[in-house]
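Treat the numbers as computed from the prediction; the structure is a model and nothing was measured. Order of listing sets the numbers, starting from 1, for every ligand and every atom in it.
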Amino acid sequence: MEKKRVFVAGHRGMVGSAIVRQLAQRGDIELVTRTSTELDLTDQASVNAFFADAHIDEVYLAAAKVGGILANNTQPAEFIYQNLMMECNVIHAAHLADIQKLLFLGSSCIYPKFAEQPMQENVLLTGVLEPTNEPYAVAKIAGIKLCESYNRQYGRDYRSVMPTNLYGPQDNFHPENSHVIPGLIRRFHEAKLEGNSEVVAWGSGRPMREFLYVDDMAAASVHIMELSKGIYQSNTDPMLGHINVGTGVDCTIRELVETIAKVVGFEGGIRFDTSKPDGTPRKLLNVDRLASLGWTYSVSLEVGLEKTYRWFLDNQDQFRA
Ligand code: GFB
């Protein structure tokens with residue numbers, strides 16, 4: 001049997017590397033990957049040239065410029081520019097190369113800041129976005145609309161998944177630019193080693209977030225990509241061709257922070273610095289559509305945090321300043 005050639009764009013990132021771990025177990029798939037030095041996805045000519053002769057059958061578009069609330073808030077130009085460029089280049093070049101199937105990975109921040117919770121797919125574009133990540137969200141909304149447009153006009157089968165906040169191995173543990181989980185794993189770990197009595201967390205601790213372990217996200221992505229077109233379309237409005245991926249369960253940031261302290265074994269105090277932004281008050285996905293397509297998550301937050309802390313301990317040499 002001839003193997004399918006599957007290109008995972010962004011295979012060194014947290015989500016792309018998890019998708020590669022899933023697909024590498026399969027005998028029917030030949031993985032194709034390129035580092036950013038080998039192929040700059042923001043460069044249209046290079047992307048067109050790559051797709052023109054790489055003989056790709058399917059694409060997972062997991063490449064993105066990502067970061068936590070502070071990175072989004074301080075580098076808005078990079079977040080909108082790089083994400084738009086990568087999406088436009090990859091999706092259009094895949095179409096030019098006559099590739100029928102592609103999966104685009106977005107983000108739950110595409111939904112309005114004050115959307116009714118839990119958020120259904122159809123609340124997209126019904127209200128204003130959260131200002132701290134609006135440029136990133138606009139780029140991700142453009143990605144969904146690119147896929148839908150090529151489907152409508154050219155009959156392509158380009159699908160989109162919108163993950164909730166993700167975490168796990170290969171995450172970015174930078175002290176400022178990271179998301180809350182890796183940022184605090186590192187801060188608690190360093191405070192424990194240095195014997196500090198207090199760790200500072202950002203914001204009020206009151207916002208609520210939903211978290212999904214990245215291997216679950218990869219499993220959901222492959223599941224959705226491989227549904228038959230009939231099943232996928234019967235559950236998906238052609239004008240709302242994206243599917244939420246999450247757990248359907250959330251917690252306050254305060255609860256999360258306390259759980260991370262427990263997992264890391266930090267026994268000192270926690271102070272919330274309210275001069276840092278809270279971001280959107282709540283971001284919980286409605287995952288009914290995903291459930292009706294036969295997928296639910298398997299890694300609980302506590303187990304996922306333990307796995308992530310273990311990975312951090314095994315790889316911490318790369319995070320030392
Ligand atoms: O993870 P985070 O940056 O993502 O922040 P967002 C989540 C919440 O945790 C916010 C609080 O209320 C933060 O104020 N928090 C507490 C911290 N301590 C920390 C810390 O040490 N580091 C960080 N980063 N947060 C991002 C978006 O928003 O979510 C992106 O900006 C993307 O565009 C991503 O969508 C999934 O959920 O607020």
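By the 4.0 Å N-to-carboxylate-O rule, Asp215 lies close enough to Arg21 to be salt-bridged with it. A salt bridge links Arg159 with Asp157: at least one charged nitrogen is closer than 4.0 Å to a carboxylate oxygen. Residues Glu190 and Arg186 are paired through a salt bridge, judged by an N-O separation under 4.0 Å between the basic side chain and the carboxylate.
Listed by atom number, the atoms of ligand 1 under 4.0 Å from Ser107 heavy atoms are 35 (O). Atoms of ligand 1 found under 4.0 Å from any heavy atom of Asn72, numbered from 1 in the order shown, are 27 (C), 30 (C), 31 (O), 33 (O). For ligand 1 and Gly67, the ligand atoms under 4.0 Å from any heavy atom of the residue are 30 (C). Set against the non-hydrogen atoms of Gly68, the atoms of ligand 1 under 4.0 Å away are 3 (O), 31 (O). Shown in contact with Pro207 at under 4.0 Å from a heavy atom are these atoms of ligand 1, numbered in order with element: 12 (O). Using a 4.0 Å cut-off to heavy atoms of Cys109, the atoms of ligand 1 that qualify are 33 (O), 35 (O).
The ring of Phe50 has its center closer than 6.0 angstrom to the ring center of Phe7. Taking the six-membered ring for Trp and the full ring otherwise, the centers of His95 and Tyr158 sit at least 6.0 Å from each other.
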Query - Residue pair Ser108, Asn244: steps toward the side-chain hydrogen bond (donor to acceptor under 3.5 Å, both in side chains) verdict - result: CA-CA 8 Å; Ser108 61; Asn244 289 341; over 6 Å; no
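Checking side-chain atoms of Glu306 against main-chain N and O of Val263 turns up no donor-acceptor pair under 3.5 Å. Here the side chain of His179 pairs a donor or acceptor atom with the backbone of Gly67 at under 3.5 angstrom.
For ligand 1, the polar-atom distance check against Asp278 finds a nitrogen or oxygen pair separated by under 3.5 Å. Where the criterion is an N or O separation shorter than 3.5 Å, residue side chain and backbone included, Pro277 meets it with respect to ligand 1. Residue Ala201 has no nitrogen or oxygen atom sitting less than 3.5 Å from a nitrogen or oxygen atom of ligand 1, judged on distance alone. Distances between N or O atoms of Gly183 and those of ligand 1 include no value under 3.5 Å.
Of the protein's non-hydrogen atoms, Trp202 N, 2.9 Å is the one closest to atom 18 (N) of ligand 1. Ranking the protein heavy atoms by distance from atom 24 (N) of ligand 1 puts Ser178 O, 2.9 Å first. Remark: minimum distance from atom 29 (O) of ligand 1 to any protein heavy atom is reached at Lys283 NZ, 3.5 Å. The single protein non-hydrogen atom nearest to atom 3 (O) of ligand 1 is Ile69 N, 2.8 Å, given as residue, atom name and distance. Protein heavy atom closest to atom 27 (C) of ligand 1, with residue, atom name and distance, is Asn133 ND2, 3.1 Å.
The heavy atom nearest to atom 4 (O) of ligand 1, considering only Leu184, Val180, Asn165, is found in Asn165. Taking all heavy atoms of Lys65, His179, Met162 into account, the minimum distance to atom 26 (C) of ligand 1 is reached by His179.
Contact annotation for Ala71 and ligand 1: no heavy atom of the residue comes within less than 4.0 Å of the ligand. By the criterion of a heavy-atom distance under 4.0 Å, the side chain of Tyr136, and not its backbone, is placed next to ligand 1. Contact annotation: for Arg209 versus ligand 1, heavy atoms closer than 4.0 Å belong to the side chain alone.
Proximity of Glu302 to Leu305: side-chain heavy atoms (C-beta onward) are nowhere separated by under 4.5 Å.
A 6.0 Å sphere centred on CZ of Arg282 holds more than 12 heavy atoms belonging to other residues, nucleotides or ligands.
Note on ligand 1: Arg187 sits in its first shell, one or more heavy atoms being nearer than 4.0 Å.
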